[in-house]
Number of protein chains: 4
Amino acid sequence: MSDPGGVAGDQLRAFVERIERLEEEKKVISDDIKDVYAEAKGTGFDVKILRKVISLRKKQPHEREEEDAILDLYMHALGMNGPANDA
Amino acid sequence: MSDPGGVAGDQLRAFVERIERLEEEKKVISDDIKDVYAEAKGTGFDVKILRKVISLRKKQPHEREEEDAILDLYMHALGMNGPANDA
Amino acid sequence: MSDPGGVAGDQLRAFVERIERLEEEKKVISDDIKDVYAEAKGTGFDVKILRKVISLRKKQPHEREEEDAILDLYMHALGMNGPANDA
Amino acid sequence: MSDPGGVAGDQLRAFVERIERLEEEKKVISDDIKDVYAEAKGTGFDVKILRKVISLRKKQPHEREEEDAILDLYMHALGMNGPANDA
DNA sequence: CACGATAAGAATTGGC
DNA sequence: GCCAATTCTTATCGTG
């Protein structure tokens, strides 16, 4: 309570610094990823689709199927055609 | 230059007020939309899929097909199966 | 759900229509805002600056609140009590 | 493009791999951050407050800059000149 | 464990 | 036509 700048304060500072350091590292990586997408774009790839590919690879097949199934259901309920495949 | 609170100031204020008023209205509508999604969710619908349905309806068929085609292309280039129906 | 096939089509359609209607209204307002900016530009104002002014006015109240909040937060975090609003 | 079929598969694969590799690294860091929060919690800190502190510290510099900026902006908008940095 | 809130990420839009 | 900025979406996290 009456230890301004004392133990609790030091600990707090330490945690804050560790987290902020890690967040910086994380930001560097995020920027790297952005760079790769930019490079891919420069080479003629469609970034939006590329992102979708990455995202599809991440998902488990089962997951994909389930989402597709619900989408199908909704589309049919609305009298629309089967969902191309925009998962 | 030396008309503080003068003509330019009045005009500026007027424009700012008109815009801010419209942005408020816009926000009300956005909130209404959120409410509808929430209500749909409460009724048992899957909000994520519902959003996707809305978005698909917005797109022209041609647009959809084109995106699908590119996706297919990429997936094949990577040796992955056709999108979605990994049967 | 008392529908043959899986999804309550009527309900779904109703939700979709409500959302699409609201999105249209929203678009109208967005266009109105654009018009006002265009008019301001025609009157000689710098649109970029005008946008910035609007955006800054939107943020200011929050900033004040947050500055107040951070003191409180630090003190709580250190086990001390805030100035007066020790909720 | 000198590939039979449409897309430069090797390039695409290379981009995908680079991105996926970076995303893995990013995930490791995210997990590290989580660990630090968990540790802080174990030491008796309130994680929610800690998060808020981090987030506020991130925003503060921007706020200061923006507060300075708004004066300038208003003056420019009114055709007056800023204090000293009339770039 | 579902819900709501917050934050990260992605996509669209507008300006240069 | 590209870059930047806003806006919309998705995912994570804490809470009841």
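A note on names: the letters A, B, ... follow the listed sequences, proteins ahead of strands, and every chain is numbered from 1. Because the structure is a prediction, the values reported are computed rather than measured. Side chains are part of it too, since the values below use all heavy atoms of this structure and drop only hydrogens, waters and symmetry mates.
Taking atom CG of residue B/Asp46 and atom P of nucleotide F/dT10, one finds them 10 Å apart after rounding to whole Å. Rounded to an integer number of Å, the gap from B/Leu22 CG to F/dT7 C1' is 17 Å. Atom OH of A/Tyr37 and atom C1' of F/dC3 are 19 Å apart (whole Å). Summarising the geometry, the separation between NZ on B/Lys52 and C1' on F/dC8 is reported as 15 Å, rounded to the nearest angstrom. One atom, CG of A/Asp31, and another, P of F/dC3, lie 16 Å apart when rounded to the nearest Å. What separates CD1 of A/Ile19 from C1' of F/dC13 is a distance of 14 Å, to the nearest Å. In this structure, CD1 of D/Ile54 is placed 13 Å from P of F/dG14, rounded to the nearest angstrom. Between D/Ile29 atom CD1 and F/dT12 atom P there is a gap of 17 Å when expressed in whole angstrom units.
By the side chain to side chain donor-acceptor pair (under 3.5 Å) test, D/Glu20 is found to be paired with A/Arg57, residues two or more places apart in sequence or in another chain being considered. Contacts of B/Glu65 classified as side chain to side chain donor-acceptor pair (under 3.5 Å), with partners at least two apart in sequence or in another chain: none.
Mapping heavy-atom proximity under 4.0 Å, the span of DNA chain E touched by chain D runs 5' to 3' from E/dA7 to E/dG9.
Just one of D/Val53, D/Ile54, D/Asp32 meets the side chain to side chain contact (heavy atoms under 4.5 Å, CB included) condition when paired with A/Ile19; it is D/Ile54.
Take the nearest nucleotide of DNA chain E for C/Lys34 and for A/Ser30: the residue whose nucleotide is more 5' is A/Ser30. Take the nearest nucleotide of DNA chain F for C/Arg51 and for B/Arg51: the residue whose nucleotide is more 5' is C/Arg51. For the pair A/Glu23 and C/Val47, nearest-nucleotide mapping onto DNA chain E gives the more 5' position to A/Glu23.
D/Asp31 has a carboxylate O that lies under 4.0 Å from a charged side-chain N of D/Lys27, or vice versa, which qualifies the two as a salt bridge. Note on D/Glu25 versus D/Arg21: salt bridge recorded, some NZ/NE/NH1/NH2 to OD/OE distance being below 4.0 Å.
At the heavy-atom level, D/Lys26 lies under 4.0 Å from the strands shown only through sugar-phosphate atoms.
For C/Gln11 (side chain) and C/Ala8 (main-chain N/O), no donor-acceptor pair under 3.5 Å exists by modelled atom type. Judged by distance alone, the side chain of B/Tyr74 and the main-chain N or O of D/Leu12 form no donor-acceptor pair under 3.5 Å.
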